[in-house]
Amino acid sequence: MSFIAKTWNNGKHHLTGAGYGLKISLENRDRFFNRNWQTVILHLQGYHRPIEVNVAKASFWNRTCGELIKKDIGIWLYQNDKAPWSSGQPHEVKIKIIEDRKFNVELIS
């Protein structure tokens with residue numbers, strides 16, 4: 001099972017990767033993520049190691065956000081020439097569920 005998400009940035013394009021993440025639709029967040037989880041593990045395609053991302057925060061579960069935020073995501077996007085992007089032109093990623101709390105992430109655009 002998989003779904004599409006978009007790359008996300010807080011408006012500040014740091015080469016360190018800070019301020020980057022993946023925007024999950026609220027529908028997919030509610031369908032594929034569990035409020036009881038503290039973190040999720042992302043296997044970013046081609047990245048040197050899996051990363052752990054905090055989902056036990058109010059901003060992930062509110063009615064407008066749903067971003068998985070971690071500087072490693074920004075580093076990965078820069079390594080793949082996907083950051084920064086033009087305003088309003090985020091890239092798409094395919095997120096595939098491996099098992100509870102574990103996901104594969106690959107760039108598709």
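Everything numeric in this text was worked out from a predicted model, so none of it was measured.
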Requested in this report: Would you name the heavy atoms of Ser59 and Cys65 that are closest together and state the gap between them?
Outcome: O-CB, 2.9 Å
For residues 48-56, run the donor-acceptor check on the side chains, cut-off 3.5 Å, and write out each pair with its distance to 0.1 Å, sequence neighbours left out.
| residue | atom | partner | partner atom | Å |
| --- | --- | --- | --- | --- |
| Arg49 | NH2 | Asp72 | OD1 | 3.0 |
| Glu52 | OE2 | Thr39 | OG1 | 2.7 |
| Asn54 | OD1 | Ala56 | N | 2.8 |

Query raised in the report: For Lys94, does its backbone N or O pair with a side-chain atom of Ser2 as donor and acceptor, under 3.5 Å?
Result: no
Report task. Return each pair, listed once, that meets salt bridge (charged side-chain N to carboxylate O under 4.0 Å, His left out) where at least one residue sits in residues 60-70; pairs must be two or more places apart or across chains. Result -> Lys23-Glu67
Query raised in the report: How close do Ile98 and Phe103 get, heavy atom to heavy atom, and via which atoms?
Result: CD1-C, 3.8 Å
**Report entry** For Glu27, salt bridge (charged side-chain N to carboxylate O under 4.0 Å, His left out) partners two or more places apart
**Finding:** none
Requested in this report: Quick one: do Leu68 and Val40 satisfy side chain to side chain contact (heavy atoms under 4.5 Å, CB included)? Show the steps, please.
Outcome: CA-CA 9 Å; Leu68 298 172; Val40 295; 4.2 Å; yes
Query raised in the report: Between Gly74 and Tyr20, what is the shortest heavy-atom contact and its length?
Result: CA-CB, 3.4 Å
Report task. Decide whether Ile69 and Val105 are clustered together by the hydrophobic rule: side chain heavy atoms of Ile, Leu, Val, Met, Phe, Trp, Tyr closer than 4.5 Å, transitively. Result -> no
**Report entry** Check: Pro90 and Trp8 side chains under 4.5 Å, non-hydrogen atoms
**Finding:** no
Query raised in the report: Can you get from Ile41 to Phe60 by hopping between Ile, Leu, Val, Met, Phe, Trp and Tyr side chains that sit under 4.5 Å apart?
Result: no
**Report entry** Approximate separation, where rounding is to 0.5 Å, of Ile95 CD1 and Ile24 CD1
**Finding:** 3.5 Å
Report task. Not counting sequence neighbours, which residues clear side-chain hydrogen bond (donor to acceptor under 3.5 Å, both in side chains) with Glu106? List them please. Result -> none
Query raised in the report: Any sub-3.5 Å donor-acceptor pair from Arg101's side-chain atoms to Trp37's backbone N or O?
Result: no
Query raised in the report: With sequence neighbours excluded, what pairs up with Phe3 under the ring-ring contact (aromatic ring centres under 6.0 Å, His included) test?
Result: Phe32
Report task. Report yes or no: do Val93 and Met1 belong to one cluster of Ile/Leu/Val/Met/Phe/Trp/Tyr joined by side chain heavy-atom distances under 4.5 Å? Result -> yes
Query raised in the report: Given side chains that start at C-beta, do those of Tyr78 and His14 come closer than 4.5 Å, heavy atoms only?
Result: no
Query raised in the report: Any sub-3.5 Å donor-acceptor pair from His91's side-chain atoms to Lys82's backbone N or O?
Result: yes
Report task. With sequence neighbours excluded, tell me which residues meet side-chain hydrogen bond (donor to acceptor under 3.5 Å, both in side chains) with Thr64. Result -> Asn62
Query raised in the report: Where is the tightest heavy-atom contact between Gln45 and Trp76, given as atom of each residue plus distance?
Result: O-NE1, 2.7 Å
Query raised in the report: What do you reckon, is NZ of Lys96 surrounded by more than 12 foreign heavy atoms closer than 6.0 Å?
Result: no
Requested in this report: Over all heavy atoms of both residues, which pair between His13 and Asn9 is shortest? Give the atoms and the distance, please.
Outcome: CE1-OD1, 3.3 Å
Query raised in the report: Which distance, rounded to the nearest 0.5 Å, do you find between the CZ of Arg35 and the CG of Asp30?
Result: 6.5 Å
